[in-house]
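Reading through the structure tokens given below for one structure.
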Number of protein chains: 2
Amino acid sequence: MTEDPARAIRATNVFAANCPSRRVLDHVTSKWGVLVIVALAQSPMRWGALRRRIEGVSEKMLAQTLRTLEADGFVLREAQPTIPPRVDYSLTPLGRGLADRLIPLVTWVGNNADEIVGAH
Amino acid sequence: MTEDPARAIRATNVFAANCPSRRVLDHVTSKWGVLVIVALAQSPMRWGALRRRIEGVSEKMLAQTLRTLEADGFVLREAQPTIPPRVDYSLTPLGRGLADRLIPLVTWVGNNADEIVGAH
DNA sequence: ACGGGTACTTACTTTATAGTGCGTACCACC
DNA sequence: GGTGGTACGCACTATAAAGTAAGTACCCGT
């Protein structure tokens, strides 16, 4: 599991148009996808908690994002057949691997956002 | 410049709707933005080289992405007033900081893309 | 005089993404 | 028996992003 940048990037070429990594990258870096992954990295959450945590997300977008991330194998969905319904979301091991790379990025953006926006 | 995930994320809240980090995150994780940053991290490049490197990008999208990244202070644009025109693009120190967080992510996606797509 | 190279811009069209509002199922509580 | 809570699905509309195609400017070599 070596991750030397130069070598690894050459191994599966993200720059190639038809490389599957392109599609995955789009899912991973989608507007709400990033926030969902980071939120679930902090702790597993129910639907409603996610909705409240991620300000501004509509129900439709949250559902859609969760379905995509579940299909990609990043998120685990566990529905309890109780009334009222209760659905728990958490990260899979794969999702945790992704979160490990996403959190430094989001953290960095958070720390530097003021400087960046101020540049305009 | 501590980067303990839990603390740092709480410091500037990406989950807040009106936080400037939201806009920056959108630029940073845009479809072509990621590829431009990673490409320039490997070496500074001219317009034409970038266009050839990043397969599938249209001239319009490349120009637009570069303008956004330049405005955000990630990319430096140096135009030589020669004929034919020659424009060199490179990362600023800020851009290099971003690339340091982006490359592990892209590398990881590249290494795991097959597994992820295979999951469907 | 014509074609080629470079780095774009602009106008137009298509596609993707996102928002809005309404419906559903079931039960518990008042 | 009406209201509220949970976790959605669906249809429709609006907006934003992206693709397509063509045009521009300048000079150089043939």
Side-chain angles (χ1 to χ4, degrees), chain A residues 14-19 22-37 39-40 43-72 75-90, chain B residues 14-19 22-37 39-40 43-72 75-90:
Chain A
V14 207
F15 294 110
N18 53 356
C19 186
R22 279 281 185 90
R23 180 162 22 268
V24 175
L25 201 60
D26 279 355
H27 293 177
V28 158
T29 61
S30 72
K31 180 172 184 178
W32 302 114
V34 175
L35 297 176
V36 167
I37 295 285
L40 290 180
S43 88
M45 257 180 247
R46 307 178 49 176
W47 163 271
L50 269 174
R51 179 150 171 48
R52 282 185 298 273
R53 186 83 225 271
I54 302 171
E55 273 182 41
V57 72
S58 67
E59 302 198 329
K60 187 190 125 185
M61 277 299 110
L62 183 54
Q64 200 174 104
T65 304
L66 283 169
R67 264 185 280 127
T68 303
L69 294 178
E70 195 195 353
D72 286 340
V75 164
L76 179 68
R77 178 180 185 277
E78 291 172 288
Q80 261 82 17
T82 57
I83 297 289
R86 175 196 175 94
V87 182
D88 293 300
Y89 290 96
S90 57
Chain B
V14 208
F15 295 110
N18 54 356
C19 186
R22 279 280 186 92
R23 181 163 19 272
V24 175
L25 201 60
D26 280 356
H27 293 177
V28 159
T29 61
S30 72
K31 179 172 183 176
W32 302 115
V34 176
L35 297 177
V36 168
I37 295 285
L40 290 179
S43 87
M45 257 181 248
R46 308 180 46 177
W47 164 270
L50 270 173
R51 180 150 169 49
R52 282 185 297 273
R53 186 83 225 270
I54 302 172
E55 272 183 42
V57 72
S58 69
E59 302 198 329
K60 185 190 124 183
M61 276 300 109
L62 183 54
Q64 202 173 103
T65 304
L66 283 168
R67 263 185 280 127
T68 304
L69 294 178
E70 195 195 353
D72 285 341
V75 164
L76 179 67
R77 179 180 185 275
E78 292 172 286
Q80 261 80 18
T82 58
I83 297 288
R86 175 196 175 94
V87 183
D88 293 300
Y89 290 96
S90 57

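Convention: sequence-line order gives letters A, B, ...; per-chain numbering from 1. What you see below is based on every heavy atom in this structure, not just the backbone, and it leaves out hydrogens, waters and symmetry mates.
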Q) What string of B, S and - do you get for nucleotides 5-13 of chain D 5' to 3' if you count protein non-hydrogen atoms under 4.0 Å? A) BBSBS-B--

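In this structure, the side chains of B/E59 and B/W47 come closer than 4.5 Å at one or more pairs of heavy atoms. Annotation: side chain of B/L76 is in contact with side chain of B/S90 (closest heavy-atom distance under 4.5 Å). A 4.5 Å side-chain heavy-atom check between A/M45 and A/L40 finds at least one atom pair inside the cut-off.
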Q) Would A/Y89 and A/L50 count as a side-chain contact (heavy atoms from CB on, under 4.5 Å) if you check the C-alpha gap in whole Å, the side-chain angles of each, and the deciding distance to 0.1 Å? A) CA-CA 9 Å; A/Y89 290 96; A/L50 269 174; 4.2 Å; yes

Q: Any chance you could lay out the side-chain contact (heavy atoms from CB on, under 4.5 Å) test for B/Q80 and B/D88, step after step, and finish with the verdict?
A: CA-CA 8 Å; B/Q80 261 80 18; B/D88 293 300; 3.2 Å; yes

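In this structure, B/Q64 atom CD and C/dA7 atom C1' are separated by 16 Å, rounded to whole Å. In this structure, the NE2 atom of B/H27 is 11 Å from the P atom of D/dA18, given to the nearest Å. Summarising the geometry, the separation between CG on A/D26 and P on D/dA17 is reported as 14 Å, rounded to the nearest angstrom. Taking atom CZ of residue B/R51 and atom P of nucleotide C/dT6, one finds them 11 Å apart after rounding to whole Å. Taking atom CD1 on B/I54 and atom P on D/dG19, their separation rounds to 12 Å, with Å as the unit. Atom pair A/R23:CZ and D/dA18:P shows a separation of 16 Å (rounding to whole Å applied). As rounded to whole Å, 15 Å separates atom P of C/dT15 from atom CE of B/M61.
Side-chain nitrogen and oxygen atoms of A/S58 include at least one within less than 4.0 Å of the OP1 or OP2 phosphate oxygen of C/dG19.
Within the structure, the salt bridge (Lys or Arg N to Asp or Glu O under 4.0 Å) test picks out no pair touching residues 23-32 of chain A (sequence neighbours left out).
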